[in-house]
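Report on one structure; see the data block that follows.
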Amino acid sequence: MDGTADSREGMLSRMALNDNKAGMEGLDRDKINNIILEASKGSRFYVNEVKKEQQVNERIGKMMRHKAKLTEQQIQKAQLSAELEMGRELGRVIVHVDMDAFYAAVEMRDCPELKDKPMAVGSMSMLSTSNYHARRYGVRAAMPGFIAKKLCPNLVIVPLNFDKYTAVSEQVREVFAAYDPHFLPMSLDEAYLDITEHLHERQHWPESMRSYKSCDNEVPVETDNLSPVLFEDSPSSSPSLPGSDGKVEVFGTSPEEAVREMRFRIEQKTSLTASAGIAPNMMLAKVCSDKNKPNGQYSILPERQAVMDFIRDLPVRKVSGIGKVTEKMLAALDIFTCAQLGQQMRVLSLLFSETSWHHFLQISLGLGSTRIERCVTLPALSIRVTEPLPLSEM
DNA sequence: TACATACAC
DNA sequence: TATGGTGTATGTA
């Protein structure tokens with residue numbers, strides 16, 4: 001009944017390497033998992049993980065028995081879909097920006113010797129993040145350093161410099177604010193922005209307000225005549241003219257160009273790269289920001305068809321809010337992609353709570369929040385004494 | 001209400 | 001030697 005094979009399989013789903021992240025494609029999973037397993041076996045953590053795994057398996061068993069007993073019930077899913085479809089909002093331009101391997105990138109910037117080595121930030125007990133070189137060995141955020149060392153003996157582990165990351169984060173947030181003063185920070189290294197208003201204004205901006213010099217810090221190139229009032233923080237001392245020194249880049253007025261410009265300014269200011277996603281809602285923007293990481297961006301056009309094309313083959317696990325447990329429960333129902341999620345709504349509405357299946361339905365339709373709300377989270381953020389460690393800012 | 005689970009960073 | 005800390009949301013007893 002217990003079945004060692006079964007519990008071992010199940011354990012792997014919790015303990016095994018999570019390669020669902022950028023920079024970890026094409027690894028030798030079996031080899032890596034064996035090392036992780038060997039290092040973990042017998043520990044209290046291991047025993048606890050096995051226990052939790054069995055609980056999830058029981059939950060799935062219960063769900064499957066329930067499913068087998070289902071009678072053909074009619075539900076009004078079609079009607080709800082239609083209502084949601086009518087309310088679909090495509091008019092906002094939502095951006096999710098995410099710094100690439102943030103802590104590791106800061107440490108590499110400040111210590112060039114680390115640049116070509118596999119390195120991670122954290123301790124022997126826990127890593128906060130790793131650089132892309134280390135990821136080739138399966139070393140990633142949320143992994144204990146001692147296990148990472150087994151995977152990659154040459155790994156350099158740098159302790160956290162939290163104050164430094166906070167300071168850099170402030171610099172990055174200054175750039176965010178230029179595109180959306182109400183942006184929503186999710187952690188030190190990532191945020192949601194609604195750049196709809198910015199884009200409206202930007203339409204009327206002259207090129208000079210969209211021009212940036214490669215070597216200079218964050219200020220548009222100064223030309224003699226045009227609205228200098230708008231550049232309060234530009235240095236009046238040395239107005240750099242196009243062609244005088246570094247190359248001047250002119251950014252366009254489209255959403256993609258605005259975001260390219262924002263990433264350019266972040267890099268000029270901090271020497272760190274960011275990735276971004278542009279989409280009509282937060283759920284999609286978040287997925288998009290991961291698509292061309294590191295140092296890239298991806299956008300979904302504000303059209304229903306573009307959204308549905310994007311959603312179709314998207315693995316459900318990529319969606320924020322779908323974690324490993326939900327992934328496994330859905331997998332037991334042969335649901336792996338968002339399209340399959342949509343096809344199975346009838347069953348899902350019977351097996352899951354109302355809030356859960358409503359959420360699933362929204363995902364399957366490519367819907368998400370179109371207003372970023374800061375007021376709700378702001379008090380919580382200000383109370384916080386220490387920022388939680390981002391364990392997956394890759 | 002209190003506690004447990006899932007999820008995010 | 002060693003597998004985080006904190007907040008939110010949701011479900012259940």
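Chain letters run A, B, ... following the sequence lines, proteins first, then strands; residues in each count from 1.
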>> Testing the basics here: between A/Thr270 and A/Gln171, what is the closest heavy-atom pair and its distance to 0.1 Å?
In response: CG2-OE1, 3.9 Å

How would you list, by chain and number, every residue that makes a side chain to side chain donor-acceptor pair (under 3.5 Å) with [X], sequence neighbours excluded?
{"X": "A/Ser169", "value": "A/Arg173"}
{"X": "A/Lys164", "value": "A/Asp110"}
{"X": "A/Lys117", "value": "none"}
{"X": "A/Asp194", "value": "A/Arg92, A/Thr196"}

> Under a single-linkage definition using a 4.5 Å side-chain heavy-atom cutoff for Ile, Leu, Val, Met, Phe, Trp and Tyr, are A/Leu284 and A/Leu301 assigned to the same hydrophobic cluster?
Replying inline: no

Calculate the interatomic distance between [X] atom [atom1] and [N] atom [atom2]; express it in whole Å.
{"X": "A/Met15", "N": "C/dT3", "atom1": "CE", "atom2": "P", "result": "12 Å"}
{"X": "A/His359", "N": "C/dA9", "atom1": "NE2", "atom2": "C1'", "result": "11 Å"}
{"X": "A/Asp290", "N": "B/dC9", "atom1": "CG", "atom2": "C1'", "result": "14 Å"}
{"X": "A/Phe162", "N": "C/dT6", "atom1": "CZ", "atom2": "C1'", "result": "12 Å"}
{"X": "A/Lys21", "N": "B/dC9", "atom1": "NZ", "atom2": "C1'", "result": "10 Å"}
{"X": "A/Glu58", "N": "C/dT12", "atom1": "CD", "atom2": "C1'", "result": "16 Å"}
{"X": "A/Glu49", "N": "C/dT3", "atom1": "CD", "atom2": "P", "result": "12 Å"}
{"X": "A/Tyr192", "N": "B/dA8", "atom1": "OH", "atom2": "P", "result": "10 Å"}

>> Looking only at the side chain of A/Ser320 (C-beta and beyond, no hydrogens), which of the listed nucleotides C/dA2, B/dA8, C/dT3 gets closest?
In response: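 Side chain of A/Ser320 sits closest to B/dA8.
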
OP1 or OP2 of [N] less than 4.0 angstrom from a side-chain nitrogen or oxygen of [X], does that happen here?
{"X": "A/Lys286", "N": "B/dC7", "value": "no"}
{"X": "A/Ser187", "N": "B/dA8", "value": "no"}
{"X": "A/Ser356", "N": "C/dT10", "value": "no"}

>> Between A/Glu257 and A/Arg210, does any NZ, NE, NH1 or NH2 come within less than 4.0 Å of an OD or OE carboxylate oxygen?
In response: no

> Ion pair present between A/Arg88 and A/Glu85, side-chain N to carboxylate O less than 4.0 angstrom?
Replying inline: yes

Reckon [X] touches a base, only the sugar-phosphate, or nothing at all at heavy-atom distances under 4.0 Å?
{"X": "A/Ser123", "answer": "nothing"}
{"X": "A/Val47", "answer": "nothing"}
{"X": "A/Lys324", "answer": "sugar-phosphate"}
{"X": "A/Ile322", "answer": "sugar-phosphate"}
{"X": "A/Thr326", "answer": "sugar-phosphate"}

>> Going by side chain to side chain contact (heavy atoms under 4.5 Å, CB included), A/Pro118 matches just one of A/His133, A/Arg135, A/Arg136. Which one?
In response: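 Of the listed options, the one satisfying the test is A/His133.
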
Atom pairs, N/O to N/O, protein against nucleotides 2-5 of chain B, distance under 3.5 Å?
none

>> Quick check: any donor-acceptor pair below 3.5 Å linking the side-chain of A/Ser40 to the base of C/dT3?
In response: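 Between C/dT3 and A/Ser40, which were checked side chain against base, a qualifying N/O pair under 3.5 Å is present.
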
>> So that I can compare with my own list, what are the stems of DNA chain C, taken as at least three consecutive Watson-Crick or G-U pairs with distances under 3.5 Å?
In response: B:1-9 with C:5-13

>> As a quick check of understanding, evaluate side-chain hydrogen bond (donor to acceptor under 3.5 Å, both in side chains) for A/Ser299 and A/Glu256, giving each step before the final call.
In response: CA-CA 7 Å; A/Ser299 59; A/Glu256 289 75 17; 2.9 Å; yes

